[in-house]
Amino acid sequence: PPKTPASAPPPPVAKPAVFIPVNRTPEMQEERLKLPILAEEQAIMEAVAEHPIVIVCGETGSGKTTQVPQFLYEAGYSSEDSIIGVTEPRRVAAVAMSQRVAKEMNLSHRVVSYQIRYEGNVTEETRIKFMTDGVLLKEIQKDFLLLKYKVVIIDEAHERSVYTDILLGLLSRIVALRAKRHLPLKLLIMSATLRVEDFTQNQRLFTTPPPVIKVESRQFPVTVHFNKRTPLDDYSGECFRKVCKIHRMLPAGGILVFLTGQAEVHALCRRLRKAFPFRCSQPQEKEEDSAEGMRRFKKSRTRARKAQAMALPQINLDNYSVLPAGEGDEDREAEMDDEEEALGSDLDLDLGDSEANEGEQPDASLPLHVLPLYSLLAPEKQAQVFKPPPEGTRLCVVATNVAETSLTIPGIKYVVDCGKVKKRYYDRVTGVSSFRVTWVSQASADQRAGRAGRTEPGHCYRLYSSAVFGDFEQFPPPEITRRPVEDLILQMKALSIEKVINFPFPTPPSVEALVAAEELLVALGALQAPPKQERMKKLQMSQLSCPITALGRTMSTFPVAPRYAKMLALSQQHGCLPYTIAIVAAMTVRELFEELDRPAASEKELAELKGRRARVAQMKRTWAGQGPSLKLGDLMVLLGAVGACEYAGCSPQFCQANGLRYKAMLEIRRLRGQLTTAVNAVCPEAGLFLDPKMQPPTESQVTYLRQIMAAGLGDHLARRVQSEDLLDPKWKNAYKTPLLDDPVFIHPSSVLFKELPEFVVYQEIVETTKMYMKGVSTVEIQWIPSLLPSYCQFDAPLEEPAPSYCPESGQVLCHRASVFYRVGWPLPAVQVDFPEGIDRYKYFARFLLEGQVFRKLASFKSCLLSSPSTMLKTWARLQPRTETLLRALVAHKADSRDSLLAAWKKNPKYLLAEYCEWLPKAMHSDVEKNWPPTTDS
DNA sequence: GTTAGGGTT
């Protein structure tokens, strides 16, 4: 570019009039113009030009995810060396959005690309990159300033995924650092709700509140109907009755029911299918005897015909304000109670919420096409809900929360919301988790209602009163406040954020959660323990600012939980890595086995389920094996399952036959690939590869694996209760753990359920009817002090066996007995490093004098004026040479071979005089010639 | 002697 002459006036600082042309098809352009966000393009781009950080709020249907990246692209916010990054909380969204935007812009996926955990199509040409939030967090580890991005868009920020929250905290700092470097980075935060106070009112996060731009949405109106009464517990039954009424009384349109779990979903599906069977050519006779039955039958036939007629698209289904004449009037009056009449409540499609238990019997209404939907459902079965229902039927999807955010079902006009959600809870102190069903938040309830208005105006039936709704939490608490955070803390420490307490979290985790995370990471050796003298004072501060160790840095490169990362870090020896990788991958992917405990709908299905359950139980026993192999317990089952499945080519048939979830096994395969790459990156000499025909581990490898598992799960050690505790029947077959007063049990699905080994480690404790340990493996008592020293309180070194010198490590060793922390379980004495302190110097001095540390000194041993063992005698002080030598060692902290070598590096004459005191004068010159005695010759 | 929702590196 031509140089501006020094005398010329500075160029005007007007916004660059950049406009990157996009060659959209006319159809696409027309579609885009319908989106409300297009009206806000100028406002958004002006805000972005003037502010480093901008918040865009717009509900589903505003088009913000697809359009804002295009606005930025057209305004020149991407070039050869700077791209636009967009994060999504879900993989499917990242992939789908990249494809959608590429199509809208008429650009190749080489330009508009995606990157998710295992795959991506990013190229050098990429200008807009969609990715999962976790991917961007990992990228910050490699390039803290995110220099290849000119803009980062955090989408769905209102969902408050843990990675989104951490990203926002980091980006608030990165934006400032980039500004200092005159390489400005723009941050756009996109939220579907106006819940942005955690971002705007958080001074630590953003010192000046970023501007908020609101965008209209293109949602159709949804009429919300509350129940007058709130059922006490039978919300499933209430769902059933409401669906029946909608189906009988209301015009065409899909029904979406929100329930809380797999079992509930299946139960309601069965009940609804029975009530509205698919083939009902002949009406059921037995019910039509009574006049009431006949009346109902006639009515339902009428409705069925009407519903079919109304399915014609020309008819506006919402163009009436009361129920169609002659339909349901009696029912309505019968159901209306005085309160409702007095209040004159909105009768528009309000179905009432009477307890009338009609419709349990098969009904001649339109068949109802009932489909279950939950996350763990096989993808091909999930896909059913996206197809139009068979001709002449109404779609009814019975779903868990997966339909609230993750999956959008087309054609839903009615939503039935039980108002409940199942969530996992963690006990902050003990780590025990449980699942509880609670009321949803108002925001969730509104999100569920919104699912009825995607394609046309809709209705949402809430099976609780408006008063109860008023008592709901406004928003669900952010995920980061609800779960353990050791994985996040390790990631942050790897980014050199030592004082996590000062990190600008949008919403910080509790201090207990932060302390628990650092304690675990210290115990795993991933963080440096706080200095001992600070243990009492400022305990919490120092606990919350432990720096990362070399081991921690290695662990942070493994994309799994820190406990599992520790296992990987320990597995280089004895060829254990392929096995540890398989086990860790299987532990990380949840729900390996299909749920087969559902009640069967038919005799045939019952027989099939029984057969499959038996087969799975048999396979688990086979995989666990006998003897030493069985001691690895449920983790051996995981290894066996992964090995056998992979050997069979991971075919859907093999999975089906053995009760394994195909999707889970594919995820394990991909995770094994990723972990293999990650291990090779830190340990290239391992030369690991994924062997589809991996042989089972040898007997000794199984033992090493048990030790590796124990070392990673040290804080999850449990001991079988001793006979003296068995007086109380509640402790029968129970285990005790350091942090729990109550008994815990091996889960009945564990292969160790009947074995009852004395010591076990477990993957997790889930509280259901009891506190159950899952993922159990056995531990030998003598392993505990050597594998888990940070959880053991050691006694003084034993005199017998006597302390010794270790030629390999150059350290003083000794035997020490110990007890396990908090519970005081006595543990056998094992050989460990001699504890720091004066006695270690004494023993080191003795071994040095004996010539054990440096062989050169051995030749002088016979001439020593005192026995080396004098160093340890109580009367040692009576001999000044002991005291002199000891002081010299202490002064230079020389209590091991390495520390002594370091001292000699600084001063080669170090310790010469003190050593000479132990020898007759005649030998001093000989000693001097050979000083320091570090070479063998 | 079982009962687990939804995400992600």
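A note on names: the letters A, B, ... follow the listed sequences, proteins ahead of strands, and every chain is numbered from 1.
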For this session: Select base, sugar-phosphate, or nothing to describe what A/Glu479 touches, counting heavy atoms under 4.0 Å on all strands.
Result: base
For this session: May I ask you to say what A/Lys754 touches in the nucleic acid, namely base, sugar-phosphate or nothing, with a heavy-atom cut-off under 4.0 Å?
Result: base
Exercise. Across the strands shown, which category fits A/Tyr772 at heavy-atom distances under 4.0 angstrom: base, sugar-phosphate, nothing?
Worked result: sugar-phosphate
Exercise. How is A/Ser375 classified with respect to the nucleic acid when contacts are heavy atoms under 4.0 Å: base, sugar-phosphate, or nothing?
Worked result: sugar-phosphate
Exercise. What are the two closest non-hydrogen atoms of A/Lys420 and A/Val437, and how far apart are they?
Worked result: CB-CG1, 3.7 Å
Exercise. A/Thr260 near the nucleic acid: base, sugar-phosphate alone, or nothing, with a heavy-atom cut-off under 4.0 Å?
Worked result: sugar-phosphate
Exercise. Looking for any heavy atom pair under 4.0 Å, which part of the strands does A/Arg424 touch: base, sugar-phosphate only, or nothing?
Worked result: base
Exercise. A/Tyr425 ring centre to A/Arg482 NZ or CZ under 6.0 Å, with the angle to the axis within 45°?
Worked result: yes
Problem set entry | Nucleotides bounding contact with chain A, strand DNA chain B, heavy-atom threshold 4.0 Å | B/dG1 to B/dT9
For this session: Just jot down the salt bridge (charged side-chain N to carboxylate O under 4.0 Å, His left out) partners of A/Arg553, sequence neighbours excluded, or say none.
Result: none
For this session: For A/Tyr762, check ring pair (Phe, Tyr, Trp, His ring centres under 6.0 Å) against everything at least two apart and list the hits.
Result: A/His716
Exercise. Does the side chain of A/Tyr118 pick up a donor-acceptor pair with the side chain of A/Glu667 at under 3.5 Å?
Worked result: yes
